[in-house]
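For reference, the structure discussed in these notes is given below.
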Amino acid sequence: MTRTELRGIPQPDQSFASFMGLPAVYLRGAKKSFGEKEVLRDVSLLINKGEVVSIIGPSGAGKSTLLRCLTLLDRFDAGELAYGNVSVAKQEAAHALYDDAAMQLARMRFGIVFQNFNLFPHYTVMQNLTDAPMVVQGRQREEVEVQARELMERLGLSEHADKVPCELSGGQQQRVAIARALCMRPQIIYFDEATSALDPRLTADMHALIRELAADGMAVGIVTHEMGFAREVSDRVLFLFDGQIVEEGSPDQVMESPKDARTRDFLSRTLD
Ligand SMILES: Nc1ncnc2c1ncn2[C@@H]1O[C@H](COP(=O)(O)OP(=O)(O)O)[C@@H](O)[C@H]1O
Ligand SMILES: [Mg+2]
């Protein structure tokens, strides 16, 4: 264990009853501005192992910014962020202070599936899966390829190992993107609007896959505007509005009897 893993273990909020140990991701008091515009204002959340959490909210609420900062593509201005026992950012004098070594470690703990999948167009499916584990994680080709084949089998991609992305359907590309994220053996996987029903039959597959990942102990964070999907697949739903989480609870509670007027207003305009 490295020094970074030993120091700065965050204390999760006990109200979430984190009986499964430290949450996969823990965020407290996060703020983010672009110039004068405050995009995230005091956002706190955690996702436990084995839990599926969806973040919903209107366009411009800050969902993508939140996810970009959670996945270290950008930085929060203030707040505390930890992945398991790795404390990535601490709050110091109203600013988030990031630890470079911890960021490196944390990058091994999450995977992300982007809306447009961001596959490498000139790589085969196999190369898309094995590149990051070998380059970023320094793992041996043989071992990574064994795991890649297992994932392709599980996701029904075995016959496509040697194809490049443009030879695949949208649904197949979506599964390659998921397999690529899983090949890093993350503890948490994020989806940014990437669970969309490319074809209605695939929604059921995606639902089953996400529940299967959670049953295996993975934490799943989903950003989506698809209320029906969020409601069906999630253990918990967070409603983000104007940079703040204004409501949080079970999908039934948030979507059927929202307490906050802003949630009610949003749902009345998005649900049939
Ligand atoms: N790089 C950026 N520079 C300036 N403003 C940004 C940037 N990224 C996002 N924003 C602004 O932040 C707000 C939230 O955007 P975003 O996180 O994309 O929301 P959502 O994903 O919920 O639609 C929007 O007003 C957007 O214009
Ligand atoms: Mg967005």
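Any value given below was found using the heavy atoms of this structure, including those in side chains, with hydrogens, waters and symmetry copies removed. Counting starts at 1 for both ligands and their atoms, in listed order.
Among protein heavy atoms, the minimum distance from atom 6 (C) of ligand 1 is reached at Phe34 CD1, 3.2 Å. With hydrogens left out, the protein atom closest to atom 19 (O) of ligand 1 is Gly62 N, 3.2 Å, a heavy atom.
Atom 1 (N) of ligand 1 is flagged as protein-proximal [any protein heavy atom, distance under 4.0 Å]. By the definition of a contact as any protein heavy atom under 4.0 Å away, atom 26 (C) of ligand 1 is not in contact.
The aromatic rings of Tyr83 and Phe110 sit tilted relative to each other, their planes meeting at an angle between 30° and 60°.
At distances below 3.5 Å, at least one donor-acceptor pair connects side-chain atoms of Arg41 with backbone N or O atoms of Asp242. For the pair Ser268 (side chain) and Asp265 (backbone), a donor-acceptor distance under 3.5 Å is present. Proximity of a side-chain donor or acceptor of Arg264 to a complementary backbone N or O of Lys259 within less than 3.5 Å is detected.
Ligand 1 lies out of reach of Gly57, whose nearest heavy atom is not under 4.0 Å from it. Within the 4.0 Å heavy-atom cutoff, Arg68 does not count among the residues contacting ligand 1.
The side chain of Val39, and not its backbone, has at least one atom closer than 4.0 Å to an atom of ligand 1 (non-hydrogen atoms only; side chain from C-beta on).
A cation-pi arrangement is not found for Arg262 relative to Phe239, the charged atom failing to lie both closer than 6.0 Å to the ring centre and inside a 45° cone about the ring normal. Seen from the ring of Phe120, Arg180 counts as a face-on cation partner, given the 6.0 Å and 45° thresholds.
Numbered from 1 in the order shown, with element, the atoms of ligand 1 that lie under 4.0 Å from a heavy atom of Ser64 read 17 (O), 18 (O), 20 (P), 21 (O). Below 4.0 Å from some heavy atom of Pro58 lie the following atoms of ligand 1, by number and element: 22 (O). Under a 4.0 Å criterion applied to the non-hydrogen atoms of Thr65, ligand 1 contributes the atoms 9 (C), 15 (O), 16 (P), 17 (O).
For the residue pair Thr130 and Glu145, no side-chain donor N or O sits within less than 3.5 Å of a side-chain acceptor on the partner. With no hydrogens or angles considered, a side-chain donor-acceptor pair links Arg139 and Gln147 at under 3.5 Å. Under the 3.5 Å distance criterion, with hydrogens and angles disregarded, a donor-acceptor pair is assigned to the side chains of His225 and Glu193. Using modelled atom types, one finds a donor on one side chain and an acceptor on the other under 3.5 Å when comparing Glu247 with Gln253.
In terms of polar-atom proximity, defined here as any N/O pair under 3.5 Å, Gly60 does make such a contact with ligand 1. The shortest N or O to N or O distance between Ala61 and ligand 1 is below 3.5 Å.
Listed by chain and residue number, the protein N/O/S atoms under 2.8 Å of the Mg ion (ligand 2) are Ser64 OG, with waters left out.
When the options Leu238, Val237, Val53, Leu45 are evaluated for a side chain to side chain contact (heavy atoms under 4.5 Å, CB included) with Glu248, the one that passes is Leu238.
Applying the salt bridge (charged side-chain N to carboxylate O under 4.0 Å, His left out) rule to Arg154 yields the partners Glu212, Asp216; only residues at least two apart in sequence or on another chain are considered.
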